[in-house]
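Inspection log for the structure reproduced underneath, given as structure tokens.
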Amino acid sequence: TGDHGTTRMCLALLEDYVKPGQTLMDLGCGSGILSIAAKMLGAERVLGLDIEPVSVEVSKENAARNNVDCEFVTGDVLDFRPELGWDIV
């Protein structure tokens, strides 16, 4: 919902920093709210990553409810280490 203080702060920062065409990796995607917001703000590619499979499934469901195309995967950030070059993490 974005009610948690840290989530609200991150949402405000995304509004300031996400520019159209950028890429964003959301580590510990939780419910997917930050990933969804980044995509709505114009990020070209968004990857939500979490070690908890339930968080990934919930994030996928929330993105679908909001008609937002984000990629969500279960895994560790070290799995994506070779894939450098994210604009925002």
Which pairs, with at least one residue in residues 16-26 and sequence neighbours excluded, count as a side chain to side chain donor-acceptor pair (under 3.5 Å)?
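Qualifying pairs, neighbours excluded: T23-D87, D26-S35.
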
Do L14 and I36 share a hydrophobic cluster, counting only Ile, Leu, Val, Met, Phe, Trp and Tyr and linking them when any side-chain heavy atoms are less than 4.5 Å apart?
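Different hydrophobic clusters.
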
Please say yes or no: joined through hydrophobic side-chain contacts below 4.5 Å, possibly via intermediate residues, are I33 and I88 part of one cluster?
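Per the 4.5 Å side-chain linkage, I33 and I88 are co-clustered.
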
Between [atom1] of [X] and [atom2] of [Y], what distance do you get to the nearest 0.5 Å?
X   : Y   : atom1 : atom2 : value
L13 : R8  : CG    : CZ    : 13.0 Å
L24 : L27 : CG    : CG    : 9.0 Å
L47 : R45 : CG    : CZ    : 5.5 Å
C10 : L34 : SG    : CG    : 5.5 Å

For residues 53-60, run the donor-acceptor check on the side chains, cut-off 3.5 Å, and write out each pair with its distance to 0.1 Å, sequence neighbours left out.
unit_1: S59; atom_1: OG; unit_2: G30; atom_2: O; d: 3.0
unit_1: S59; atom_1: OG; unit_2: G32; atom_2: N; d: 3.1
unit_1: S59; atom_1: OG; unit_2: S55; atom_2: O; d: 2.8

Minimum heavy-atom distance K39-C70, with the two atoms named:
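What the structure gives for the nearest pair is CB-SG, 3.9 Å.
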
On a heavy-atom basis, which atom in M40 and which in V68 lie closest, and how many Å separate them?
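That closest heavy-atom pairing would be CE-CG2, 3.8 Å.
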
Whether over 12 other heavy atoms sit under 6.0 Å from I51 CD1
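No, not enclosed.
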
Is there a donor-acceptor pair under 3.5 Å between the side chain of D50 and the backbone N or O of T74?
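Flag not set: sc D50 to bb T74 has no pair under 3.5 Å.
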
